[in-house]
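Single-structure report; data block below.
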There are 2 protein chains.
Amino acid sequence: MKKNLQRSECPICRSLDLFGDKWSLLIIRDLMFFGKATYSEFLKSAEGISTNILAVRLQMLEESQLLLRTEHPDSKAKVLYKLTQKAVDLLPMIVEIHLWAEKYLTITPETEALIEEVKNDKEGFITKTMAALCARI
Amino acid sequence: MKKNLQRSECPICRSLDLFGDKWSLLIIRDLMFFGKATYSEFLKSAEGISTNILAVRLQMLEESQLLLRTEHPDSKAKVLYKLTQKAVDLLPMIVEIHLWAEKYLTITPETEALIEEVKNDKEGFITKTMAALCARI
DNA sequence: ATTTTTGCTTGCATTTTGCAAGTACAAATG
DNA sequence: CATTTGTACTTGCAAAATGCAAGCAAAAAT
């Protein structure tokens with residue numbers, strides 16, 4: 001992965017560079033909310049990421065210290081990806097994206113349940129989910 | 001602008017597609033916080049977007065109904081870009097990105113002031129800024 | 001011993017980007 | 001009134017990133 005030479009000094013820009021693009025954020029979302037944690041699970045995920053892009057994104061996220069590649073307890077063939085604290089701290093932002101998306105886009109059923117929970121008690125949801133995710137780090 | 005054929009049904013994915021990429025979000029940020037509203041202002045902005053990309057992004061944002069192209073009161077040569085309600089509603093998400101960026105990235109001075117204000121009183125900042133932005137729609 | 005699963009890599013055509021240059025119209029300047 | 005400057009773009013082209021299909025080595029299952 002060659003880096004783009006013309007880079008902004010703007011933190012928003014750099015923070016978005018960390019994700020690389022939507023795919024990276026979707027991987028994080030899969031880990032946060034949908035219990036996905038392996039390469040093939042991310043690949044099978046509804047979004048339809050292609051395998052080479054997934055590989056590159058996982059590398060980028062690991063380099064950015066948003067993901068940790070660990071041994072899978074079930075099998076040596078598997079790799080277990082874990083969210084770091086840095087990634088878990090993205091939760092509030094991801095929640096806000098969901099709330100915005102719910103207002104302006106059509107939501108899939110699997111996401112709808114999530115958003116309903118958030119709408120009932122945003123702070124509660126964030127605290128609870130954050131604690132659950134931190135426990136797994 | 002040809003659209004990518006393989007599109008996700010995931011709302012996060014689609015919401016990020018709306019922005020196009022980091023550049024779109026930076027344009028919105030320039031409008032929200034830094035009083036930029038014309039083509040040349042976006043171009044001169046510190047981030048270093050190239051002119052053809054800026055043109056495409058402005059089109060995309062207009063098509064997505066995040067921006068409105070309006071006549072500039074000062075001159076017929078100028079175009080005044082305005083945020084729509086849909087874009088203003090991104091404020092909470094953008095605030096959360098800033099808070100995250102402040103924790104994990106090096107912040108530029110111009111952004112630092114903004115973040116300090118947010119850290120003092122997040123809800124207050126959002127309410128106040130949202131009201132100010134809505135007044136200009 | 002063979003097939004399947006898992007986590008990738010490789011090759012290649014298509015698309016998007018970055019950079020530089022150019023253009024049309026409005027406004028300012030001499 | 002002619003010319004220069006400013007504004008909002010467009011165009012062309014090389015370089016980079018993406019999407020798609022195929023391949024591949026090690027581990028696990030049959």
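Chain letters run A, B, ... following the sequence lines, proteins first and then strands; every chain starts at 1. In this text the structure is predicted, and so the values were computed from the model without any measurement.
- Using a 4.0 Å cut-off, some side-chain N or O of Trp23(A) falls inside it from OP1 or OP2 of dG19(D).
- When distances run from any side-chain atom of Ala55(B) to the nucleotides dG19(D), dC9(D), dT9(C), the shortest one goes to dC9(D).
- Taking 4.0 Å as the cut-off between side-chain N and carboxylate O, Glu117(A) and Lys128(A) count as a salt-bridged pair.
- Atom pair Ile53(A):CD1 and dA21(D):P shows a separation of 14 Å (rounding to whole Å applied).
- When rounded to the nearest whole Å, the span between CD of Glu41(A) and C1' of dT5(C) equals 13 Å.
- Sorted by first and then second residue, the pairs that involve residues 102-130 of chain B and meet ring pair (Phe, Tyr, Trp, His ring centres under 6.0 Å), not counting sequence neighbours, are Trp100(B)-Tyr104(B).
- Thr38(B) comes within 4.0 angstrom of sugar-phosphate atoms only, judged by non-hydrogen atoms across all strands, and of no base.
- Ring geometry for His98(B) against Phe33(B) counts as perpendicular: the plane angle is over 60°, on a 0 to 90° scale with 30° as the lower cut.
- Proximity of residues 64-78 of chain B to DNA chain D (heavy atom under 4.0 angstrom from any strand atom) is restricted to Arg69(B), Ala77(B), Lys78(B).
- For dT18(D), one of the phosphate oxygens OP1 or OP2 lies less than 4.0 angstrom from a side-chain nitrogen or oxygen of Arg57(A).
- When the nucleotides dG7(C), dG18(C), dT10(C) are ranked by their closest atom to the side chain of Ser40(A), dG7(C) comes out on top.
- Under 4.0 angstrom from either OP1 or OP2 of dT18(D) there lies no side-chain N or O belonging to Ser50(A).
- Lys122(B) and Glu96(B) are joined by a salt bridge, as a carboxylate oxygen and a charged side-chain nitrogen come within less than 4.0 angstrom of each other.
- Comparing dG12(D), dC9(D), dG7(C) against the side chain of Tyr39(A) picks out dG7(C) as the nearest.
- In this model, a donor atom of one side chain and an acceptor atom of the other lie less than 3.5 Å apart for Gln85(B) and Asp89(B).
- Salt-bridge check for Glu102(B) with Lys119(B): passed, with a basic side-chain N closer than 4.0 Å to an acidic carboxylate O.
- Comparing dT18(D), dC9(D), dT7(D) by their closest approach to the side chain of Asp21(A) singles out dT18(D).
- Between the P atom of dT10(D) and the CG atom of Leu43(B) lies a distance of 13 Å, rounded to the nearest Å.
- Between dC9(D) and Thr51(B), no contact under 4.0 Å exists linking OP1 or OP2 to a side-chain N or O.
- In this structure, Leu91(B) is a member of the same hydrophobic cluster as Ile137(B), with clusters built from ILVMFWY side-chain heavy atoms closer than 4.5 Å.
- Taking 4.0 angstrom as the limit, Tyr81(B) places none of its side-chain polar atoms (N or O) nearer than this to OP1 or OP2 of dT7(D).
- In this structure, Phe42(A) atom CZ and dT6(C) atom P are separated by 14 Å, rounded to whole Å.
- Per the geometry, CG belonging to Leu54(B) stands 8 Å off P belonging to dC9(D), to the nearest Å.
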